[in-house]
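Please read all numbers here as calculations on a predicted model, not as lab measurements.
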Amino acid sequence: MNFDIENRIHERLPKYIEALKQLVRIPSISFDNFDQKFVLQSAEAVKQMFSDAGFTNIQFLMPPSGRPTVYAESLTSPDKPTVLLYAHHDVQPTMRENLWETKPFEPVVKGDRLYGRGTADDKAGIITHIAATEQVRNLLGKDGPNLKFIIEGEEESGSAGFENILSQHAELLKCDAVIVADLGNFAKGVPSITTTLRGMTAVAVTLKATKAPLHSGSWSGPIPDPGQALCRIIASLTNADGSIAIPHFEDGLIPPTPAELESYRSLGYTETTLRKEGGVLDCVQLNVPEKEILESLWRRPSIVVTAMEVGNRTNAGNVLQDSAYARIGIRLAPGMDADACAQMLVEFMQARVPNGLEASFAVEDGANPFTTDTTHPFFTKMASSMAKAYHAETKFIGCGASIPGAELFRKTFGDIPILLVGIEDPECAAHGENESLYLPDFEHGIVAETLFFAELTNKK
Ligand SMILES: [Zn+2]
């Protein structure tokens, strides 16, 4: 059966690439200062594809921004499992257009990659869902699973209305599992399921000592310097190795299981790769040994100063500055809570303000980290389907970044398996210039999802 499916999908691949190109031609950038008629146009195009594929109950789920999420379903029978398939049809702006070697919205195949904004992130996700559904319906008809589609229209601009859409339509969207096709593989040809995401939050802190900047010759000495005061506070947040010094900050942390650690190590990620990809200077020593790099990126929290301001370079005269500002960004590891951590950070800093300087804190909206129970049989089925499709061992990986949607699915549907997959790869330049999709993995991804659907209703 595997062989048949692979052949059928290979035969149909030009048609799937054509459908993908059709979506990529629509510049559906969901940022306010771009023409939002294109987001509507891409929603209409997705709707038309759903209708051409014979899906039912097709409708727009409208957030206040007017950037439609497209819903559709392909139902078989109430006694079959139901899977909700997520992707998004909006895209990022093109960034520096002069750096594109081809036109961002005129998709072109060069070698084994398809170039264009949205090819990888995330219009390929939409076509993968449609193609795999078409295949499993041909293969199993009414014996296949129930499939529901939810294609968001404002993921790249922050998913502001998505939580509301999920809660308002919870009954319509009810399912036994979610596939989020908006992630990527660890490397080309390496099938990967992302099982954790870090969360984030940020706190801005301002210290003030005087009503206005002063002549440093006339005034410095008796009056404390807010710049140094702020540096002392910031330096107290972490230890020399970058680990966090705030008591109880990591109390809820869920450490990786031995199996997860084993999976991370099997990826063979090296310090050399990190240095090369991150542009780390040769003289700089890392905070962790090589074998802990992935664990540090995916499963531990981090604190970084994302901005700092005391006076400025252009006007750097002999001045005792009146105030100092910093924005402290935190990445949260699975198990940690964004609001609680932001609060602990504020209290820790507040308690360390020297000389009674006036301190003010502003906490930004955070996103909680995500983790999912990989012992559910659906994970095993997905892992084995991907391995068969890619002809390679499936890896369980983490992701150091945040996707608020993943946690929203958990909040709405409770403890069901949420499978984070996708066909981005380290070379795809999602969000950057010259975004591209690696076509062999596009094909593998469609085969994998088809095999997974077939596995779900397999009684054995
Ligand atoms: Zn995306």
Side-chain angles (χ1 to χ4, degrees), residues 1-21 23-24 83 85-87 107 109-116 118-140 144-145 147 177 179-195 263 266-268 378-397 399 419-430 435-456 458:
M1 183 173 89
N2 197 3
F3 183 70
D4 277 359
I5 291 175
E6 282 182 336
N7 271 345
R8 291 172 58 97
I9 289 173
H10 191 71
E11 243 166 55
R12 304 275 286 166
L13 194 65
K15 191 191 133 228
Y16 297 142
I17 293 174
E18 218 30 69
L20 176 54
K21 282 180 171 175
L23 292 182
V24 172
V83 185
L85 307 172
Y86 172 90
V109 177
K110 285 197 287 178
D112 51 16
R113 305 192 74 99
L114 174 68
Y115 287 81
T119 48
D121 182 15
D122 179 33
K123 287 171 173 173
I126 305 171
I127 304 299
T128 302
H129 291 324
I130 295 176
T133 304
E134 175 187 271
Q135 292 297 331
V136 79
R137 290 203 317 181
N138 279 337
L139 196 71
L140 296 176
L147 301 171
I179 298 180
V180 176
D182 190 22
L183 284 102
N185 292 324
F186 187 73
K188 280 194 296 192
V190 178
S192 311
I193 303 177
T194 302
T195 61
S263 182
S266 75
L267 295 165
F378 282 13
F379 273 90
T380 323
K381 287 179 197 285
M382 181 57 94
S384 73
S385 304
M386 289 173 81
K388 280 181 205 152
Y390 283 77
H391 302 279
E393 190 192 336
T394 300
K395 301 291 186 185
F396 290 98
I397 62 172
C399 174
L419 299 141
L420 307 183
V421 295
I423 34 186
E424 292 178 21
D425 69 278
E427 290 164 46
C428 75
E435 178 178 346
S436 67
L437 172 72
Y438 181 56
L439 293 169
D441 283 351
F442 178 47
E443 185 172 350
H444 295 144
I446 297 170
V447 175
E449 199 164 295
T450 308
L451 292 174
F452 174 72
F453 292 154
E455 267 295 304
L456 278 187
N458 195 344

Pairwise side-chain contact, F452 with V421, heavy-atom cut-off 4.5 Å (strictly under): no
Side-chain heavy-atom pair E424, D182 within 4.5 angstrom cut-off: yes
I179 side chain near F378 side chain, heavy-atom distance below 4.5 Å: no
Modelled atom types, side-chain donor and acceptor of H10 and N7, under 3.5 Å: no
Any R113 side-chain heavy atom under 4.5 Å of D425 side chain: yes
Interatomic distance, F442 atom CZ to Y16 atom OH [nearest 0.5 angstrom]: 9.0 Å
NZ or CZ of K395 within 45° of F186 ring axis and under 6.0 Å: no
Minimum side-chain heavy-atom gap H444-I423 below 4.5 Å: no
Sub-4.5 Å side-chain heavy-atom contact between E134 and R8: no
Under 3.5 Å side-chain donor-acceptor pair for Y390 and N185: yes
Taking every non-hydrogen atom, the tightest pair across A120 and E435: N-OE2, 3.0 Å
Side chain to side chain, Y438 and E427, heavy atoms closer than 4.5 Å: no
Side-chain heavy atoms of M386 within contact of S192, under 4.5 Å: no
